[in-house]
Student: 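After the structure tokens below, expect a handful of questions from me.
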2 protein chains.
Amino acid sequence: MVTRVTLPNAPRGRPRDSRAHQGILTATAELVTELGYAATSIGAVAARAGVGKDTVYRRWSGKAELVYEAVFTETEAAPAPDTGSLVGDLTALLEALIQEFSAPAAAAALPGLLADFAADPGLQARIRSEFLAPAKAGLMAVFERAAQRGETDPGLPVDLVLDTLAGAVLFHVGLVGEQPGRQLATRLAAMVGRGIETR
Amino acid sequence: MVTRVTLPNAPRGRPRDSRAHQGILTATAELVTELGYAATSIGAVAARAGVGKDTVYRRWSGKAELVYEAVFTETEAAPAPDTGSLVGDLTALLEALIQEFSAPAAAAALPGLLADFAADPGLQARIRSEFLAPAKAGLMAVFERAAQRGETDPGLPVDLVLDTLAGAVLFHVGLVGEQPGRQLATRLAAMVGRGIETR
């Protein structure tokens with residue numbers, strides 16, 4: 001039997017809310033990794049986190065939003081390091097993207113999660129505005145340094161390059177399911193870097 | 001009331017089977033376009049095609065395989081034209097890929113279909129061996145002509161370039177859902193073409 005002691009001046013609700021919130025996110029990431037995206041249900045998440053389904057639905061509109069938060073927003077991406085060259089910076093950025101996309105929970109979630117986002121107009125808009133935002137910020141920093149070094153012309157099509165890098169990694173790692181060899185980031189960075197640098 | 005007349009020497013079963021087969025594929029493409037991939041069910045396909053669900057399951061393992069055949073294998077892709085340059089050939093190949101991916105049934109099917117293929121090991125292997133095979137054949141012809149003209153070195157990484165082109169188009173058109181502007185094929189072809197050509 002659990003006896004709950006409430007301290008008179010403790011902020012009510014918050015700590016327990018915050019623990020429940022974190023427990024739901026942890027249960028979600030675990031279930032997606034164990035069962036895959038399609039087989040993960042809000043009911044199973046709630047059961048593992050020890051809360052009611054209504055507690056989950058009070059915070060998230062549905063499975064896609066919940067999985068997105070649990071798998072992709074919990075870790076802070078480190079800014080792309082300044083390697084001194086466009087191709088070096090792109091390689092570092094791609095290595096981080098490949099690592100993020102091939103982590104067990106992310107790899108299990110990605111295709112189904114993106115399909116659910118793409119099928120819902122409200123969520124679809126968030127693929128660019130939220131899902132791709134950290135990678136875009138990193139790419140813009142890389143382009144700014146490259147322009148300062150005179151490696152590229154200003155006004156590169158950031159979104160096109162971003163779709164190309166993210167799309168290539170998604171296709172290779174997330175869809176075809178091939179293990180990303182050590183050469184993937186290097187070769188992709190060399191190809192795209194050569195394709196956009198000033199001659 | 002329908003009276004069925006069987007001619008004594010007509011091949012039995014085939015014509016009716018073939019009509020049923022085509023009717024199922026047509027119903028599938030229509031429903032995916034109207035309802036989206038997730039909301040299309042084998043039951044609804046069978047009802048619209050006027051057959052039993054068992055007739056569908058006798059031919060296809062499930063929804064993913066059926067939708068793949070209905071949406072992506074019914075039209076024969078024309079070989080990429082010989083434009084006389086690597087960038088020109090890549091542009092033509094990308095224009096065809098963009099047109100294929102943004103046709104109504106394909107656009108509605110792609111994200112959910114690829115997620116279902118990626119989630120099943122048996123189907124996942126067919127993304128490269130079947131789904132990407134026509135585009136790969138086209139790309140190999142483009143590379144062969146480019147090597148003969150001395151624009152590229154032999155031994156280009158065909159799969160990497162293919163994942164990059166297909167991934168970029170999938171991301172831009174299929175996931176983010178942006179209308180492919182007239183510049184998409186040109187700019188992507190210029191970037192990737194510059195990235196792989198011999199200097």
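In this text the structure is predicted, and so the values were computed from the model without any measurement. Numbers restart at 1 for each chain; the letters A, B, ... are given by sequence-line order, proteins then strands.
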Student: Looking at chain A, which one of B:Ile196, B:Leu188, B:Val192 has the largest number of heavy-atom pairs inside 4.5 Å, strictly under?
Tutor: B:Leu188

Student: If you tally heavy-atom pairs under 4.5 Å against chain A, which of B:Ala166, B:Gly112, B:Ala119 wins?
Tutor: B:Ala166

Student: Where on B:Leu132 is there a heavy atom nearer than 4.5 Å to chain A: the side chain, the backbone, both, or neither?
Tutor: side chain

Student: Any ion pair linking B:Arg126 and B:Asp120 (charged N to carboxylate O, less than 4.0 Å)?
Tutor: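 Judged by the 4.0 Å cut-off on N to carboxylate O distance, B:Asp120 and B:Arg126 do not form a salt bridge.
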
Student: Please lay out, stage by stage, how A:Val161 and A:Leu156 fare under the test side-chain contact (heavy atoms from CB on, under 4.5 Å).
Tutor: CA-CA 8 Å; A:Val161 177; A:Leu156 285 176; 5.6 Å; no

Student: What part of A:Pro157 gets closer than 4.5 Å to chain B, counting heavy atoms only: side chain, backbone, both or neither?
Tutor: both

Student: Using 4.0 Å as the upper bound for N to carboxylate O, is an ion pair formed by B:Lys63 and B:Asp116?
Tutor: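 Salt bridge between B:Asp116 and B:Lys63, a charged N being under 4.0 Å from a carboxylate O: no.
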
Student: Taking every heavy-atom pair that is under 4.5 Å apart, which of A:Thr164, A:Leu110, A:Ile127 has the most such pairs with chain B?
Tutor: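 Answer, by heavy-atom pair count under 4.5 Å with chain B: A:Thr164.
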
Student: Assess whether a salt bridge exists between A:Asp17 and A:Arg58, defined as any Lys/Arg side-chain N lying under 4.0 Å from an Asp/Glu carboxylate O.
Tutor: no

Student: If you take the centroid of each ring, where Trp contributes its six-membered ring, are B:Phe131 and B:Phe117 closer together than 6.0 Å?
Tutor: no

Student: A:Leu114 versus chain B, heavy atoms under 4.5 Å apart: side chain, backbone, both or neither?
Tutor: both

Student: Need one label for A:Glu197: side chain, backbone, both or neither, based on atoms under 4.5 Å from any heavy atom in chain B.
Tutor: both

Student: Taking NZ, NE, NH1 and NH2 as the nitrogens, is one of them in A:Arg128 or B:Glu178 under 4.0 Å from a carboxylate oxygen of the other?
Tutor: yes

Student: Picking from A:Ala108, A:Gly174, A:Ala115, which has the most non-hydrogen pairs under 4.5 angstrom with chain B?
Tutor: A:Ala115

